[in-house]
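For reference, the structure is listed below as structure tokens.
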There are 2 protein chains.
Amino acid sequence: MTKMEDFQMIERGFVQTQAILVALGDENRQSIIVSLLKAGCDGLRVGQLTEQTHLSRPAVSHHLKILKEAQLVSIRKDGTKHYYAVRPSKNFAIMQQTAAIIERLAEENESK
Amino acid sequence: MTKMEDFQMIERGFVQTQAILVALGDENRQSIIVSLLKAGCDGLRVGQLTEQTHLSRPAVSHHLKILKEAQLVSIRKDGTKHYYAVRPSKNFAIMQQTAAIIERLAEENESK
DNA sequence: TTCCTCCGTTGAAACATTTAAACCTTTTCG
DNA sequence: CGAAAAGGTTTAAATGTTTCAACGGAGGAA
């Protein structure tokens, strides 16, 4: 892999993962993610998340929207009940890959 | 690794990587990182970054401060000249590790 | 239909972030 | 010494984010 290719990977990686980075950078959304993961495959509803976090219902709804747009969570609807769960996103893998490339380049810098 | 341990890893990972996530979530700071990586081990000065990005000098200075606090860049001072470079951070590895655990748990959810 | 539950959305206020102009500090050079 | 060069800091304005209260809509039960 040439440096040129590395930089292109990083630039594309940044574009594709920006929404995830912003979404996961917020403490409240981190709490929501952890709650959802603990709940497992059944997921949780907005009301249940409101209980488990110290957030109001509209706030939970707002943060879920951001997580949804970052494609980190999915919804399953059963009547009026909306179950949210963390879902695997290919952008998640891209984030790891991008981070790995940056780390490698940074280490090359250090050793010279 | 038990689920309990997974959740603990994620929670600690979130705390340790929050600054990085926020720092890398911003488009301007992403540009700065890319410019610095392209510059290699010598690094770049504030003035040079001002030319390469469409940011003013105080703006560059501001974003560098955030990147510095997230321990993503280092400074090397030579007289009045300050050279910034991307440096390897152990939090970078933690970010990848945390992402990997979440991804795995999300995939387990999906398959049930 | 009517009521109730569960969520989403809107609008406004509170709060945080980002930016540029002006100013200050430190170092170097004449 | 004084002037210039390179960056950092402060302040205030613009912008963006987060929050809650109030409202609206859709589905289920009687």
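Worth knowing before you read on, the calculation uses all heavy atoms, side chains too, and leaves out hydrogens, waters and symmetry mates. Residue numbers start from 1 in every chain, and the chains themselves are labelled A, B, ... in the order their sequence lines are given, proteins ahead of strands.
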Gap between atoms [atom1] and [atom2], on [X] and [N] respectively (whole Å):
{"X": "B/Lys77", "N": "C/dT25", "atom1": "NZ", "atom2": "C1'", "answer": "11 Å"}
{"X": "B/Lys68", "N": "D/dG7", "atom1": "NZ", "atom2": "P", "answer": "13 Å"}
{"X": "B/Gln48", "N": "D/dA6", "atom1": "CD", "atom2": "P", "answer": "10 Å"}
{"X": "B/His62", "N": "D/dT9", "atom1": "NE2", "atom2": "C1'", "answer": "13 Å"}
{"X": "B/Asp26", "N": "C/dT19", "atom1": "CG", "atom2": "P", "answer": "7 Å"}
{"X": "A/Glu27", "N": "D/dT17", "atom1": "CD", "atom2": "C1'", "answer": "15 Å"}
{"X": "A/Asp78", "N": "D/dA29", "atom1": "CG", "atom2": "P", "answer": "11 Å"}
{"X": "B/Leu67", "N": "D/dG8", "atom1": "CG", "atom2": "P", "answer": "13 Å"}

Could you please spell out the steps behind the side-chain contact (heavy atoms from CB on, under 4.5 Å) verdict for A/Glu11 and B/Val34? CA-CA 7 Å; A/Glu11 278 169 359; B/Val34 171; 3.4 Å; yes
So, OP1 or OP2 of [N]: does either fall under 4.0 Å of a side-chain N or O from [X]?
{"X": "B/Tyr84", "N": "D/dA6", "answer": "no"}
{"X": "A/Thr80", "N": "C/dC7", "answer": "no"}
{"X": "B/Asn28", "N": "C/dT17", "answer": "no"}
{"X": "A/Arg29", "N": "D/dT18", "answer": "yes"}

Does this structure show an ion pair linking B/Glu108 with B/Lys3, if we count only N-O contacts that are shorter than 4.0 Å? yes
Closest-nucleotide mapping onto DNA chain D: is A/His54 or A/Arg57 further toward the 5' terminus? I mean the 5' end.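 Its nearest nucleotide being more 5', the pick is A/His54.
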Judged by nearest nucleotide, the residue sitting upstream toward the 5' end of DNA chain D, A/Gly79 or A/Ser56, is A/Ser56
Using a heavy-atom cut-off of under 4.0 Å over every strand shown, decide if [X] touches base, sugar-phosphate, or nothing.
{"X": "A/Ile66", "value": "sugar-phosphate"}
{"X": "A/His63", "value": "sugar-phosphate"}
{"X": "B/Arg45", "value": "sugar-phosphate"}
{"X": "B/His82", "value": "sugar-phosphate"}
{"X": "B/Tyr83", "value": "nothing"}

Supply the atom-to-atom distance B/Phe14 CZ to A/Ser31 OG, rounded to the nearest 0.5 angstrom.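 Answer for the CZ-OG pair, B/Phe14 versus A/Ser31, is 9.0 Å.
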Of the options A/Leu36, A/Leu44, A/Ile32, A/Ile66, which is the one that meets A/Val73 in a side chain to side chain contact (heavy atoms under 4.5 Å, CB included)?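 Only one option passes, and that is A/Leu36.
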When you check the side-chain N and O atoms of A/Gln96 and B/Gln97, is any donor under 3.5 Å from an acceptor?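 The criterion, which ignores hydrogens and geometry beyond distance, is not satisfied for B/Gln97 and A/Gln96.
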I want to confirm an ordering. Mapping A/Pro58 and A/Lys81 to their closest nucleotides on DNA chain C, which one lands closer to the 5' end?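 Closer to the 5' end of DNA chain C: A/Lys81.
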